[in-house]
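Below you'll find the structure, written out as structure tokens, and then a few comments.
Computed from heavy atoms alone, side chains included, the values below leave out hydrogens, waters and symmetry copies.
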Amino acid sequence: MASQYYQAMQDNFKNNNKSREFPAHSAKVHSVAWSCDGKRLASGSFDKTASVFVLEKDRLVKENNYRGHGDSVDQLCWHPTNPDLFVTASGDKTIRIWDVRTTKCIATVSTKGENINICWSPDGQTIAVGNKDDVVTFIDAKTHRSKAEEQFKFEVNEISWNNDNDMFFLTNGHGCINILSYPELKPIQSINAHPSNCICIKFDPTGKYFATGSADALVSLWDVEELVCVRCFSRLDWPVRTLSFSHDGKMLASASEDHFIDIAEVETGEKLWEVQCESPTFTVAWHPKRPLLAYACDDKEGKYDSNREAGTVKLFGLPNDS
């Protein structure tokens, strides 16, 4: 029997399955993220800039473009509770904190290597950034100084705190999830999660689960308390690049080079919907309050002619008649 939730979301997407695209950048978009209040969406691009949009009813209106980085903006994230601040990680060996009220960069922090992943601690006090040399630097969000630096002996892919802020998780190239205590950064556990490269990790907003995506094309769902795998989602055929839980923790979107984004019901693993894409998807992010999914694809390889640059941000879940 399909759950009530499943039925409700099926009905929702039957009426709201329109995707719309919005010009954002002059080159491919690596990362999209919503502010905690859901009023703004930020995107980071290979074109060295970040863009911020305001969500107005059923469309994204571009508010600003943020320049300053000297290389690709690979990942960005917002402050967990302050909807005005976001941080970008770049290959130019810096991270930058931006304020949407003044549209200015309030801090540029130099790091040792080319930065590829970034996350903000749930208490808002620390920013962790990982670079291509597998060094993770912990930066004080107020003083903008480095508090700690860890060199890992394995390929670090994605990093995240748990929702309680007392553990720090890394996914690695050997298919493991490494868990450190925080702030001590002492190893607690290493879980053999996947037979191949473990790429991404996301915690659900309720704190019950986290999910990992792997090069074996599987998404696995883990119980945070027990640290056991609860179920796997196996509808994708290519390495899973990006994951996002919906605001209620009940849906999980996952994407890869497959030409669709899989939307699963977390509790059953069943497919709720799939969003058709013309090309590989780099990043997905559910809105923090509504069943709206922001995402960005590698438009260049799609059915469009090659003169049309990549660089759009897409929004799925809009009313069919909008």
*asked:* With a 3.5 Å distance limit and no angle check, can you tell me whether T111 reaches the backbone of K93 through a side-chain donor-acceptor pair?
replied: yes
_Plane angle bin for F316 and F13 - parallel if under 30°, tilted between 30 and 60°, otherwise perpendicular_ = tilted
*Counting heavy atoms not belonging to K18, are there more than 12 under 6.0 Å from its NZ?*
yes
*What distance separates R235 CZ from I263 CD1, expressed to the nearest 0.5 Å?*
10.5 Å
*Over 60° means perpendicular and under 30° means parallel, so classify the ring planes of F86 and W98, tilted if in between.*
parallel
*Would you call R101-D84 a salt bridge at under 4.0 Å N-O?*
yes
*asked:* For Y182 and W161, I'd like to know if the aromatic rings sit close, meaning centre-to-centre distance below 6.0 Å.
replied: yes
*Has the side chain of D133 got a donor or acceptor atom that lies under 3.5 Å from a matching backbone atom of V135?*
no
*Between K104 and Y66, which heavy-atom pair has the shortest distance, and what is it?*
N-CE2, 4.5 Å
*Taking W34 for its side chain and G38 for its backbone only, find out whether a donor-acceptor pair lies under 3.5 Å.*
no
*May I ask you to decide if C229's main-chain N or O and D223's side chain share a donor-acceptor pair within less than 3.5 Å?*
no
*Check A285 against A33 and note the closest heavy-atom contact, atom names and distance.*
CB-CA, 4.4 Å
*Atom pair CD (E21) and CG (L315), whose distance is rounded to the nearest 0.5 Å*: 11.5 Å
_CZ/F46: more than 12 non-hydrogen atoms of other groups inside 6.0 Å_ = no
*When E150 is tested against each of L185, D134, L170 for side chain to side chain contact (heavy atoms under 4.5 Å, CB included), which residue passes?*
L185
*asked:* Measuring only between side-chain heavy atoms, which start at C-beta, is K202 closer than 4.5 Å to F210?
replied: no
_Less than 4.5 Å apart, side chain to side chain, heavy atoms only: is that true for I191 and I179?_
yes
*For the residue pair V266 and F245, establish whether any side-chain heavy-atom pair is separated by less than 4.5 Å.*
yes
*Is any NZ, NE, NH1 or NH2 atom of the basic residue among E155 and K132 found under 4.0 Å from an Asp or Glu carboxylate oxygen of the other?*
no
*Pair F168-F138, ring pair (Phe, Tyr, Trp, His ring centres under 6.0 Å): steps then yes or no*: CA-CA 11 Å; F168 191 76; F138 293 86; 4.9 Å; yes
*asked:* Would you call the rings of F203 and F169 parallel, tilted or perpendicular, taking 30° and 60° as the class edges?
replied: perpendicular
*Do P83 and C36 have side-chain heavy atoms sitting under 4.5 Å apart?*
yes
*Heavy atoms of other groups near E225 CD, more than 12 under 6.0 Å*: no
*Near Q151 CD, under 6.0 Å, is it more than 12 heavy atoms from other residues, nucleotides or ligands?*
yes
*Can you check whether V129 reaches V136 side chain to side chain, under 4.5 Å on heavy atoms?*
no
*asked:* Determine whether R290 and D58 satisfy the following criterion, salt bridge (charged side-chain N to carboxylate O under 4.0 Å, His left out), listing intermediate values before the conclusion.
replied: CA-CA 11 Å; R290 296 167 53 187; D58 294 324; 3.8 Å; yes
*Which heavy-atom pair separates D237 from D258 by the least distance, and what is that distance?*
N-OD2, 2.9 Å
_Ignoring hydrogens, what is the shortest heavy-atom contact between F154 and N172? Give both atom names and the distance._
CD1-CB, 3.3 Å
*Go through the steps for R241 and E257 under the test salt bridge (charged side-chain N to carboxylate O under 4.0 Å, His left out), then give the verdict.*
CA-CA 8 Å; R241 290 184 181 176; E257 287 176 54; 3.4 Å; yes
*Answer yes when E149 and K112 have at least one side-chain N-carboxylate O distance shorter than 4.0 Å, and no when they do not.*
yes
_Could you measure the distance from the OG1 atom of T206 to the NZ atom of K250? Nearest 0.5 Å is fine._
10.0 Å
*Any chance you could measure R59, atom CZ, to F53, atom CZ, to the nearest 0.5 Å?*
11.5 Å
_Side chains of M167 and L180, heavy atoms from C-beta outward: is any pair under 4.5 Å?_
no
*Main-chain N/O of A27 paired with S45 side-chain donor or acceptor, under 3.5 Å*: yes
*Kindly give the heavy-atom pair with the smallest separation between P23 and T312, and that separation in Å.*
CA-CG2, 4.2 Å
_Grouping I, L, V, M, F, W and Y whenever their side-chain heavy atoms are under 4.5 Å apart, do V32 and L243 come out in a common cluster?_
no
*When rounded to the nearest 0.5 angstrom, what distance separates SG in C77 from CD1 in I118?*
5.5 Å
*Quick one: OG1 on T281 to CG on L236, what's the gap to the nearest 0.5 Å?*
9.5 Å
*Determine, using the 4.5 Å side-chain heavy-atom cutoff (strictly less than), whether W238 and I199 are members of one ILVMFWY cluster.*
no
_Positive for side-chain hydrogen bond (donor to acceptor under 3.5 Å, both in side chains) with T88, one of H69, Q75, R96_ = H69
